[in-house]
There are 2 protein chains.
Amino acid sequence: MTVRALYHYDEIGLLSASERTPAGHRRYTEHDLRRLYRVRALRALGLSLEEIAGVLDGAADDPGSMRDLLTAQLRRLDEHAELIGVLRQRIRGLLRQTGDSSGPDPDRLMTTLELMSVFETYFTAEQRERLAERRDALGGEGLEAAKREWTGLVEEGLRLMETGVPADDERARDLVRRWDALAGGFHPDGPEGERTRAAARRMWRDNSAEIGRSLPWPAERMAGLVAYLDQARESG
Amino acid sequence: MTVRALYHYDEIGLLSASERTPAGHRRYTEHDLRRLYRVRALRALGLSLEEIAGVLDGAADDPGSMRDLLTAQLRRLDEHAELIGVLRQRIRGLLRQTGDSSGPDPDRLMTTLELMSVFETYFTAEQRERLAERRDALGGEGLEAAKREWTGLVEEGLRLMETGVPADDERARDLVRRWDALAGGFHPDGPEGERTRAAARRMWRDNSAEIGRSLPWPAERMAGLVAYLDQARESG
DNA sequence: GCTACGACCTCTCCCAACGGGAGGTTCAAG
DNA sequence: CTTGAACCTCCCGTTGGGAGAGGTCGTAGC
């Protein structure tokens with residue numbers, strides 16, 4: 001304990017010395033000391049000074065308030081621990097992405113960071129959770145297969161678009177169908193799935209440059225492809 | 001994101017709009033936006049704005065700084081998680097103490113809180129850890145047995161003291177030996193054990209009233225007993 | 001009795017990351 | 001032209017104290 005903390009407790013009315021010497025020096029009585037012990041113990045449990053004041057001053061009125069406060073604190077700590085777990089997972093994922101063998105690749109890391117933020121802008125927390133569930137359900141090799149299939153679709157789409165095939169051509173519309181079917185594996189079922197699909201399309205439309213940066217094709221070509229596919233989808 | 005956060009980032013120089021309209025309104029360019037995405041993503045990992053500014057502005061100089069920062073953050077999160085685990089254990093222990101069947105017993109809880117603080121005043125963190133290890137090693141029934149034995153010693157000591165047996169009497173000195181032997185089971189071996197023993201004696205001497213409150217005997221009798229045993233120990 | 005030095009007092013500013021509001025300007029739509 | 005929303009700057013508030021200025025008190029040694 002520092003003397004400054006005692007002054008602070010005095011200021012906020014949590015604990016004041018009940019006596020003063022004529023010169024104004026604080027005299028902490030036995031009673032004050034016992035209160036200080038309780039304050040310190042409760043602080044050591046992570047409670048705020050306000051909560052401590054509440055439970056120490058109101059404990060006489062409500063003998064159960066202490067238990068309530070402690071159970072509430074336990075819940076808070078649980079939530080906090082869960083949050084920390086999530087953050088740890090995220091950071092480990094990021095470190096894995098660059099750490100293995102590819103050497104230090106800060107660009108890739110930066111791009112991933114940007115995408116994280118974009119992702120969080122367009123999907124709600126629950127939607128992101130559902131998407132993560134589906135992705136995990138696909139498994140590692142399923143994910144790889146989907147990636148390869150999607151790469152093929154992108155190449156095919158770029159060929160169609162850049163050879164002048166109009167967006168309402170049957171070939172383009174068929175490509176969109178296969179594209180959406182592949183994407184469907186990542187979205188949940190039912191109306192919620194439709195909402196995440198719509199959010200994903202908005203994200204692509206608004207940020208194809210951002211997203212394209214993380215892909216092997218130039219951003220402008222991807223942006224063009226997205227617009228082309230949107231046209232094809234609407235024409236169907 | 002609130003606009004207020006953007007103003008804040010501008011104030012601290014983390015992210016300012018690179019253009020302004022003639023009227024003074026901020027215009028965030030594409031480039032600014034990308035920086036904002038990175039800031040938000042890093043914030044979502046629990047990094048401080050200062051750290052983010054450092055890594056974003058210095059990343060060109062040192063491509064590994066990002067990895068270093070993330071691993072450091074991972075370590076911090078680990079420590080934090082461990083701390084939360086400790087706090088949870090403590091709170092669960094406190095709730096167990098009053099929750100089982102004895103009904104709401106806020107007095108007992110308060111006394112325990114005071115003792116926690118006293119305990120932390122006299123023992124260092126490492127010492128408390130060693131003591132907890134020894135206590136756990138004793139096991140539940142071992143602890144109960146020690147408690148019963150110690151209750152007997154207290155009763156015997158109170159009898160001796162209150163029937164006027166002088167502290168340098170052999171019976172008192174023998175009691176002290178058994179008392180210290182019993183306490184020895186809780187202290188570590190070697191010189192460190194001697195230090196915790198000394199700390200425990202100081203704690204008893206200074207706070208017998210506090211500690212006595214948690215025991216079935218009146219605090220004054222316990223205080224007297226402690227003084228009596230100290231005399232007997234010194235006379236040996 | 002004097003003096004030195006430590007301990008104490010009040011008062012003020014500082015930290016992180018914004019939130020909220022006052023009071024004034026600007027923008028875009030009707 | 002008006003109106004309402006959005007934007008601007010400036011300032012105070014939050015938590016739990018830390019740091020320091022500038023002054024007073026108390027006690028120990030000489």
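This one's a predicted model, so the numbers in the text were calculated from it and none came from an experiment. Residue numbers begin at 1 in each chain, while the letters A, B, ... track the order of the sequences.
A salt bridge links A/Arg195 with A/Glu192: at least one charged nitrogen is closer than 4.0 Å to a carboxylate oxygen. Remark: A/Glu194 engages A/Arg201 in a salt bridge, criterion side-chain N to carboxylate O under 4.0 Å.
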Quick one: side chains of residues 225-232 of chain A, donor-acceptor pairs under 3.5 Å with protein atoms, not counting sequence neighbours, listed by atom name and distance.
unit_1, atom_1, unit_2, atom_2, d
A/Tyr228, OH, A/Val165, O, 2.8
A/Asp230, OD1, A/Arg233, NH1, 2.9
A/Asp230, OD2, A/Arg205, NH1, 3.0

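Taking the six-membered ring where the residue is Trp, A/Trp179 and A/Trp204 present perpendicular rings, their angle passing 60° and hence far from 30°.
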Completion exercise
Under a 4.0 Å heavy-atom criterion, the protein footprint on nucleotides 8-17 of chain D, written with B, S and -, is SB-B---SBB
Exercise for the section: Report the C-alpha distance between B/Arg26 and B/Tyr7 in whole Å, list the side-chain angles of each, state the deciding distance to 0.1 Å, and finish with yes or no for side chain to side chain contact (heavy atoms under 4.5 Å, CB included). Expected result: CA-CA 10 Å; B/Arg26 290 173 176 78; B/Tyr7 294 164; 3.2 Å; yes
